[in-house]
Amino acid sequence: MLPLRLSAITATSAMGVGLVATRQALQARAGGLTRCDLPGMPEGIWIGRVRDAEAIEPPAPLAAFACRNTRLAELALRQDGFDAAVADAAARHGADRIAVVLGTSTSGIEETEQAWSRRGADGALPPYDFARTHDLHALPRYVRARLGLKGPCVSISTACTSGARAFLDAAMLIAAGLADAAVVGGADTLCRLTLHGFGSLELLAKGPTRPCAEDRDGISIGEAAAFALLERAGPGDQGALGLLGAGASSDGHHMSSPHPEGHGAVAAMRAALDSAGIGPEAIDYVNMHGTGTRTNDAMEDRAIARIFGDAVPCSSTKGWTGHTLGASGALEAAIAAICVEDGLVPGCLGIAAPDPAFTARIAVDNAVAPVARVLSNSFGFGGSNCALVIGRLA
Amino acid sequence: MTLAVGIAGIGLLGPGLMGWAPSAAVLAGAVPYEPAPLTPPAPTLLPATERRRTGPSVRLALAVATEAVQDSGLPPEELDTVFASSNGEGHVITSILEALHTPDGAISPTQFHNSVHNAAAGYWGIAVGSARPSVSLGGHDGVLGTGLLHAAAQAVVARRPVLFVAHDVPLPAPLDALRPTAASFALALVLVPEGGTHGRITLAQEDSAAEASDLPDGLAALHDANPVARALPLLAVLAGGRGGTVRLPMLEDTRLAVAVAA
């Protein structure tokens, strides 16, 4: 694919509001997971909650969008000069030439969950703006209106690859000539559907999630919003941060279990490398999907080892943030950008040594190293796989 | 900025519209439209255990996808796919919401993995054994136009055929009061960068709301009853065989112009 410049990035999760806090937490190995204190959730679990978002309100003309997901998206949009960077891009390209392509798995369904408990005797829901909260399109519609953009507006919902797919699909729209730039990313928020859903699958960890640990016991769910501004790279952008490649595949195997040998994961990683026009040796760090479940981490280890052997350090950063589902691909693209800028390989949090059965090179301590390119993995229900290559533009 | 793609296969299901070939004369206005109840067929492509787990939204999607791909003559496992739905797996989500509000709050693990918006895409991949990339989009009332433009762009950029599947079924109570959808409707198109046995279409996004289209009696009501049925003006032009331009809704300020070559 044509390389794209990451002109602006912002990320908000339990590990930090904005990139400065996110970077500090990564460097200091200070995770953001806490014991779950939200009502009506499974017992004894830990979550990645963004408390700062809960008091945020959208600007008055967009008040109808108010819900947990919009509040989190709005908090993220206010960080890192992101809205100003988009305004600059709109002045350069025209607001109608900037697409908004955002991923989410559950959008503002938490608003419906609240309304459900206030149903009348006849079962009817109290009135609220379903289209601007619960509906999947609420997220890109809000961000597009909030940023004053007029280009294509796309909501992507491919479960836990949604945020990564947004980068791939926006790159496709730019390549097609439908836009010159795109606001991409994702937002997903804590809700009863996902917490109880993963609980029903017996996949929730008892403490903070510990991806790649021998005794790992599951996922901690988190919430996050992360956005990036993608623009066509020009001759003056050498050395700047960019999206260098993106690839996707389907398992065609099972709705919730990955193919045990990770065929789909391998195909997505290879497609991303091919799309960047590079081989595995050009990758300096692999940010794993690494949710902390027994089978998924083991599958991903095998898939990574098939391409990289034990030559490239790999880790999951979900020990800091929890699994932020449809936002995770976007959040981890932002983390990948920090790793490139800082020359940082973050080791998995909360584990002393990787599962001895693993054959890829799992990092468990932070290391300082030149990081020119990061491969970032996302995998999801429905057999959806997506990998991104984030790095310095050639 | 315009994009041109060919249509190599069509699949269609709606009340009284049981497949593309039997419906073309109705859509062209040559035969009166007669609504009839629609029950999405069980997907025979899936193994029995998986088949039992599929709900109406997935079944509708798989039925039109199968018809369009057979019509195209292309191998299903080699097609990239773009799925689009506004209500998605609303039946599954509603039963999870019901279960969450019962005293024990227990929900079914199968229902949970079936609640994802890409459930139809996942079952399609299992049914045809495809490892090709797939994306699933929302889009509220603009889902058809947004998805069609996305799929066409992908066919043009990747220079390979794309299976586009748009499907929506009504939400159950109590969500139906907040998001009324009065009928089930699904459309699948196999879009190809070159050629196209059903003709070629040229797409352009425009800064304006979509306008009302002329449709035969009964079809106008169906058009308004389901966001995917906003495709009816396009299907009427395709069935008529004389070419023309239709405008499909995307957002309050945006529409998709679709020109069908004569």
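In what follows, chains are A, B, ... by sequence order, proteins preceding strands, each numbered from 1.
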Inspect the surroundings of CD in B:E211 and state if more than 12 heavy atoms from other residues, nucleotides or ligands are less than 6.0 Å away.
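More than 12 heavy atoms, drawn from other residues, nucleotides or ligands, come within 6.0 Å of this atom.
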
Side chain, backbone, both or neither of [X] within contact of chain B (heavy atoms, under 4.5 Å):
X      : answer
A:A267 : neither
A:S105 : neither
A:I156 : both
A:H196 : both
A:D135 : side chain
A:R192 : both
A:H254 : both
A:I109 : side chain

Under 3.5 Å, is there a donor on one side chain and an acceptor on the other for A:S256 and B:H113?
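Yes, a side-chain donor-acceptor pair sits under 3.5 Å.
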
Heavy-atom pair count under 4.5 Å with chain B, highest-scoring of [options]:
options                        : result
A:C386, A:G177, A:G383         : A:G177
A:G382, A:G197, A:A176         : A:G197
A:N385, A:V154, A:T194, A:D169 : A:D169

Proximity breakdown for [X] and chain A, heavy-atom pairs closer than 4.5 Å:
X      : value
B:T254 : side chain
B:V157 : side chain
B:L175 : both
B:T146 : side chain

Give the minimum heavy-atom separation between B:N118 and A:S384, together with the two atoms involved.
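Reported closest heavy-atom pair: ND2-CB, 3.9 Å.
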
Are [X] and [Y] side-chain neighbours, meaning at least one heavy-atom pair lies under 4.5 Å?
X      : Y      : result
B:F83  : A:T158 : no
A:L193 : B:S115 : yes
B:L251 : A:R141 : yes
B:Q205 : A:P152 : yes
B:M1   : A:L178 : yes

If only atom types and distance count, is the side chain of A:S250 paired as donor or acceptor with the main-chain N or O of B:R132 below 3.5 Å?
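Side chain of A:S250 to backbone of B:R132: a pair is present.
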
Does anything in residues 95-103 of chain B get under 4.5 Å of chain A by heavy atoms, and if so which residues?
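Contacts with chain A: B:I96, B:L97, B:E98, B:L100, B:H101.
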
